[in-house]
Structures are given as structure tokens and as C-alpha cells.
Amino acid sequence: MKEKGGRINWLIRHMMLITGLVLAVLLLFRGAAGTGRAAGRERLTALINDQADAGLEWIWRMNYPAAGRAEENETKMVKAEEESISGLICRFIFGQSPLYRYLGREEGGEINYKEEDPAFAGYLESGKFYEEHQYLMYDGGEETGAGTMEQAGTTVLAANGDGAGGEGTSGTPGTTAGGNAGNDENAGAVENAGMNGNAAALPQKDDNMTCAASVLPLIGTTYRKEQLADYDYMMKHFYSVHTSTTAGRDLMKADEFLAKDFTLEGSNDKPQILIYHTHSQEEFSDYGPDNKEATVIGIGNYLTELLTAKGYHVIHDKSVYDLQNGKLDRNKAYTYALDGVTRILQENPSIEVILDLHRDGVNESLHMVNEVNGKPTAPIMFFNGVSQTPEGPIEYLPNPYRSDNLAFSFQMQLDAAAYFPGLTRKIYIKGLRYNLHLRPRSVLIEVGAQTNTYQEARNAMEPLAEVLNMVLQGN
């Protein structure tokens with residue numbers, strides 16, 4: 001009787017969900033008839049945000065409990081849900097909306113929504129879609145799909161290079177340049193002096209400084225410790241948190257992040273830094289037969305060159321993890337990359353730093369660029385996976401170095417703000433692990449987006465190498 005009652009309860013819940021979805025469609029048609037298609041779409045968007053996502057999540061949890069499932073089983077789970085009766089019904093209903101018809105419609109990396117639904121093109125191109133629904137975008141292969149800039153000084157250009165949207169700021173800054181560093185006594189130092197990684201050539205860091213001490217001119221923004229100790233202030237100015245996770249006060253502790261010492265322990269007679277690319281096929285806007293270097297591997301080559309010149313022993317893994325049997329498969333790329341990187345670490349246990357270089361995916365009408373070091377530069381974004389959902393830790397994705405990972409990116413973010421204003425977007429936090437559990441000094445870095453040129457992305461490697469060097473030298 002207990003089993004029978006459970007089945008009845010399951011059936012009732014599914015019927016309630018299906019009824020709600022049918023009502024959503026009816027409301028869409030009513031809205032379209034009464035106030036036009038735009039109003040109908042807005043009403044559907046609100047209904048889906050408030051009800052349908054929760055319903056789909058409930059079906060998922062009822063049929064496929066997450067506990068104990070390995071990361072590589074997720075694709076099978078998605079396929080099974082899509083082939084279930086509830087999955088078919090939901091896909092049919094959602095399929096009536098251009099909002100969801102858009103998802104997954106890709107051929108050769110380009111979305112053909114204009115041909116099939118021209119009336120919806122303006123909505124997508126406006127960028128509003130990416131702001132309201134960025135939580136849906138990861139399955140397409142990109143980590144964010146945000147399409148908006150949230151860091152001070154970022155210029156957003158239209159795809160043709162014309163200004164579009166101007167500049168934005170991230171709110172009230174901390175102290176002005178030099179305010180925490182003795183009025184920048186080193187501002188007159190020769191540019192690039194002491195860049196060879198020799199810590200003895202660097203000025204002494206003051207206890208009140210939250211950024212590195214460097215011979216570079218302190219031209220950006222520094223922050224006081226009491227500002228960073230304010231959780232709300234810290235989260236507002238430095239982080240964007242995806243809806244797949246949470247970043248609470250128990251995790252985000254600036255004093256602990258600042259206290260961690262990431263000075264490299266070993267010498268450079270053995271490999272120290274590993275650079276690799278989970279998504280090696282990511283290209284920049286000017287990629288083509290005459291510019292095959294315009295990929296994330298190309299900027300990885302340049303970063304390897306820069307860090308080697310500073311005296312580091314670097315391995316650049318150019319393996320292809322997102323192309324299997326001639327087909328692009330970014331959903332499984334992290335699993336393949338984990339195998340490859342683990343093998344490299346076993347062969348080179350001296351490696352202390354792991355950098356996974358990517359480029360982001362944004363609305364095609366957005367072109368993000370800043371002037372850094374006098375050069376047009378694609379902004380970079382540090383990315384952290386925290387292995388937890390809003391309900392709690394993901395037990396099968398443990399990361400003993402989670403706090404270290406967060407501190408590593410936070411220290412680089414502070415150094416970039418102080419010495420290279422406009423270089424970084426806010427640090428992005430998402431729920432999964434992204435292979436950041438392999439070393440304390442691990443970080444995923446998004447360099448620009450598909451609308452940036454290769455030169456703009458390449459230019460970002462120079463200041464990135466500097467802030468990385470600042471942190472690894474412990475200054």
C-alpha cells in the first residue's frame with residue numbers, strides 16, 4: 001500500500017506540473033492576442049522563471065537523485081530525462097516559445113534564430129536575454145554567457161567597433177591610487193624594472209596593503225582591510241555568483257584570503273606551472289586560414305613565453321579535450337581534461353600552479369575592450385567553482401583546496417585593480433568543481449570573448465603575467 005500510495009503521489013505531482021505548464025501556454029496565447037507578441041513573451045518569461053524551472057528541478061530530483069552520481073553520468077541523466085514522458089511534454093510546451101527554441105540551435109557555432117523567428121532577433125541581440133537567462137547558458141559550452149560587463153572601467157563596444165553602452169563602474173571604490181601604499185613612492189620607477197621574478201628587487205610590503213608591493217606605478221584602486229572585511233562590500237565589488245550555487249559568509253572571508261601565502265616553494269629546475277585548455281577549440285573573432293593562431297592555445301603560447309622569460313619553468317599542454325571523434329563535445333571536456341592533467345601531474349609532481357585558459361561567450365553585438373598598458377586589451381575574468389549548490393555541498397565533487405583557489409584568484413584580482421585598472425571583470429563563482437581541486441594554486445581564466453580579436457586577447461597576457469608573478473613571489 002505504501003508503494004502504491006507513493007506512485008499515486010508521484011502521478012498527482014506530475015499532473016499538477018503539466019497543468020501549470022498548459023496554463024502557461026494558454027496565458028501566452030491570451031497575452032499575444034490582447035497586447036501583442038512582446039507582452040506574451042514577457043508573460044511567458046516571467047512564468048517560466050517563477051514556476052517552470054522549479055517544476056523541472058523537482059522532476060529531476062524525484063527521478064534522478066544527485067547523491068553519489070559521478071560527474072560523467074550527468075549526460076546520461078539528461079538524455080534519460082529528455083526521453084521520459086514528462087521530459088517530452090515539457091520540451092513540447094517550451095518548444096512553442098522562441099525563448100527556448102533558441103537554446104541548442106547551433107550550426108557551426110552560429111545560431112540561426114533570425115531565419116526561423118525574425119521577430120525574436122531584436123530581443124536576443126539586445127543582450128537582455130543573456131542578463132535574464134544566463135543560468136541556462138553553460139550547456140552550450142561557455143562558462144557564463146553573461147554578455148554584460150560588471151567591472152569598473154570596461155568599455156563595451158558594438159561588434160563593428162563603434163561605442164555602445166559607454167563605460168560602467170562597479171560602485172564606490174576603495175581608497176584611491178596610492179592611498180594605502182605610502183602615496184605610491186614607486187610611481188617614478190622605470191617601467192618593467194624588477195620584472196624578472198626577483199623578490200629582493202621589490203619594495204617592502206606595508207602591513208596595511210591589500211595588494212602586492214611592486215616597482216610598477218600604482219595607478220588603479222586599492223582597498224582597505226576594513227572594507228574587504230565587510231562581506232556585503234566584498235561581494236558587491238568583486239564577485240558575480242551564479243544561481244547554481246551560493247557563496248556565504250562562512251566561505252567568503254577576505255582576511256583568510258589575504259593571509260594565504262602563495263609563494264612558490266620549489267626552484268625552476270623542474271616544472272612549476274601548467275597551462276592547459278579544457279576548451280581548446282575556442283577561437284577569437286579574426287580566426288581563419290591566415291590566422292590559425294587566434295585561439296586560446298595561441299594566447300597560451302604567449303603566456304608561456306612571458307612566464308618563461310620571468311624565470312618560471314612552464315609546461316603548456318596543447319591537448320584537445322573538447323573534440324572527440326571529430327565532434328565538438330564541451331560537456332564531457334572537463335572529464336577528459338581531468339584525465340590528461342592528472343597524468344601530467346603524475347609525471348611532473350613539482351607543478352604547483354595550474355591555469356586553465358578559456359575565452360568567454362557573449363552576445364555577438366558586444367565587444368569588450370579596455371586600454372591597458374596603452375594597448376587595446378580584452379578583459380579577463382577569474383572563475384571559481386565551489387562544489388556546492390544552494391542546498392549544500394556536492395559530495396561527489398570534493399575540493400580540499402577550495403578556499404585556496406578562492407584566495408588565489410582574489411589576490412590576483414586585487415593586484416590587477418591596483419596596477420592594471422580595467423584588466424579584470426568581477427570574479428565569477430559557479431557550483432561545480434571545474435578540475436580546480438588538483439592544486440591550491442589553480443584557477444580558470446576567461447580571456448575576452450568570441451567578439452574580441454586575437455591581438456586584444458594576446459595583449460591581456462602581459463598584465464596577467466605580471467599579477468601572477470606578484471602573487472607567486474609573495475609580495
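Between Tyr434 and Tyr334, the ring center distance clears the sub-6.0 Å criterion.
Arg359 is not listed as a side-chain neighbour of Asn452, based on a closest heavy-atom distance of 4.5 Å or more. In this structure, Glu364 and Thr451 have side chains that are in contact, with non-hydrogen atoms separated by less than 4.5 Å. With contacts defined as side-chain heavy-atom distances shorter than 4.5 Å, the pair Asn469/Leu307 does not qualify. Proximity of Lys310 to Thr308: side-chain heavy atoms (C-beta onward) are nowhere separated by under 4.5 Å. A heavy-atom distance below 4.5 Å is not found between the side chains of Pro421 and Thr221. Proximity of Leu406 to Met252: side-chain heavy atoms (C-beta onward) are separated by under 4.5 Å at one or more points. Using a 4.5 Å cut-off on side-chain heavy atoms (C-beta onward), Leu355 and Leu468 make contact.
Partners of Glu462 according to the salt bridge (charged side-chain N to carboxylate O under 4.0 Å, His left out) rule, which considers only residues two or more places apart in sequence or in another chain, are Lys375. Residues passing the side-chain hydrogen bond (donor to acceptor under 3.5 Å, both in side chains) test with Ser280, sequence neighbours excluded: Asp322. Tyr401 is linked by a side-chain hydrogen bond (donor to acceptor under 3.5 Å, both in side chains) to nothing, counting only residues two or more places apart in sequence or in another chain. Partners of His316 according to the ring pair (Phe, Tyr, Trp, His ring centres under 6.0 Å) rule, which considers only residues two or more places apart in sequence or in another chain, are His277. Take Asp250 and apply the side-chain hydrogen bond (donor to acceptor under 3.5 Å, both in side chains) test, not counting sequence neighbours, and it matches no residue. Here Ser285 pairs with nothing under the side-chain hydrogen bond (donor to acceptor under 3.5 Å, both in side chains) rule; sequence neighbours left out. Partners of Phe408 by ring pair (Phe, Tyr, Trp, His ring centres under 6.0 Å), not counting sequence neighbours, listed by chain and number: Phe262. Evaluation of the ring pair (Phe, Tyr, Trp, His ring centres under 6.0 Å) rule for Phe257 yields Phe410 as partners, not counting sequence neighbours. Evaluation of the salt bridge (charged side-chain N to carboxylate O under 4.0 Å, His left out) rule for Lys318 yields no partner, not counting sequence neighbours.
Residue Asp329 holds its CG atom at 7.0 Å from CD of Gln324, rounded to the nearest 0.5 Å. Residue Asn301 holds its CG atom at 9.0 Å from CD1 of Ile275, rounded to the nearest 0.5 Å. Taking OH of Tyr233 as the start and CD of Gln227 as the end, the distance is 4.0 Å to the nearest 0.5 Å. Note: Thr453 OG1 to Asp286 CG = 5.5 Å, rounded to the nearest 0.5 Å. The structure places OG1 of Thr278 at 3.5 Å from CG of Asp356, a figure rounded to the nearest 0.5 Å. Distance CG/Leu444 to CZ/Phe383: 6.0 Å, rounded to 0.5 Å.
For the pair Thr295 (side chain) and Ile297 (backbone), a donor-acceptor distance under 3.5 Å is present. Although no hydrogens or angles enter the test, the distance criterion places no donor-acceptor pair under 3.5 Å between the side chain of Asn370 and the main chain of Val372. In terms of modelled atom types and a separation under 3.5 Å, the side chain of Ser240 and the main chain of Lys426 share no donor-acceptor contact. Proximity of a side-chain donor or acceptor of Thr210 to a complementary backbone N or O of Tyr223 within less than 3.5 Å is detected.
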| query | Is there a side-chain contact (heavy atoms from CB on, under 4.5 Å) between His279 and Val296 once you walk through the steps? | reply | CA-CA 8 Å; His279 295 158; Val296 291; over 6 Å; no
| request: Show the numbers, then the answer: is there a side-chain contact (heavy atoms from CB on, under 4.5 Å) between Leu338 and His437? | output: CA-CA 10 Å; Leu338 178 58; His437 64 295; 3.7 Å; yes
| request: Test Asn384 against Tyr239 for side chain to side chain donor-acceptor pair (under 3.5 Å), laying out the working first. | output: CA-CA 10 Å; Asn384 285 110; Tyr239 292 97; 5.8 Å; no
| CA sep, side-chain torsions, deciding dist, call: Met461, Leu357, side-chain contact (heavy atoms from CB on, under 4.5 Å) | CA-CA 11 Å; Met461 296 300 94; Leu357 280 189; 4.2 Å; yes
| query | Hey, mind stepping through Ile380 and Leu423 against side-chain contact (heavy atoms from CB on, under 4.5 Å) and telling me if it holds? | reply | CA-CA 6 Å; Ile380 66 174; Leu423 174 64; 4.0 Å; yes
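Paired with Thr245 under the rule side-chain contact (heavy atoms from CB on, under 4.5 Å), one option of Leu251, Ile429, Ile394 passes, and it is Ile429.
For Asn399 and Asn405, the side-chain atoms include at least one donor-acceptor pair closer than 3.5 Å. When only modelled atom types and interatomic distance are considered, Glu456 and His367 share a side-chain donor-acceptor pair under 3.5 Å.
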Can you give me every donor-acceptor pair (side chain of residues 344-353, partner residue at least two apart or in another chain, under 3.5 Å) with its distance?
{"unit_1": "Asn348", "atom_1": "ND2", "unit_2": "Ile344", "atom_2": "O", "d": "3.0"}
{"unit_1": "Ser350", "atom_1": "OG", "unit_2": "Pro271", "atom_2": "O", "d": "2.6"}
{"unit_1": "Glu352", "atom_1": "OE1", "unit_2": "Glu265", "atom_2": "N", "d": "3.2"}
{"unit_1": "Glu352", "atom_1": "OE1", "unit_2": "Arg441", "atom_2": "NH1", "d": "3.4"}
{"unit_1": "Glu352", "atom_1": "OE2", "unit_2": "Glu265", "atom_2": "N", "d": "3.3"}
{"unit_1": "Glu352", "atom_1": "OE2", "unit_2": "Gly266", "atom_2": "N", "d": "3.0"}

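Pairing each heavy atom of His313 with each of Asn268, the nearest pair is ND1-O, 3.2 Å. Of all non-hydrogen atoms in Phe382 and Ile445, the two that sit nearest each other are CD2-CG1, 3.9 Å. Of all heavy-atom pairs spanning Leu216 and Phe420, the tightest one is CD1-CZ, 3.6 Å. Taking every heavy atom of both residues into account, Ala378 and Gly448 meet most closely at CB-CA, 3.7 Å. Between Gln450 and Gly361, the shortest heavy-atom contact is OE1-CA, 3.3 Å. A pairwise comparison of heavy atoms in Arg425 and Asp360 identifies NH1-OD2, 3.2 Å as the closest pair.
Applying the salt bridge (charged side-chain N to carboxylate O under 4.0 Å, His left out) definition to pairs two or more places apart or across chains, none involves residues 297-308. Listed by first and then second residue, the salt bridge (charged side-chain N to carboxylate O under 4.0 Å, His left out) pairs that reach into residues 399-412 are Lys260-Asp404, sequence neighbours excluded.
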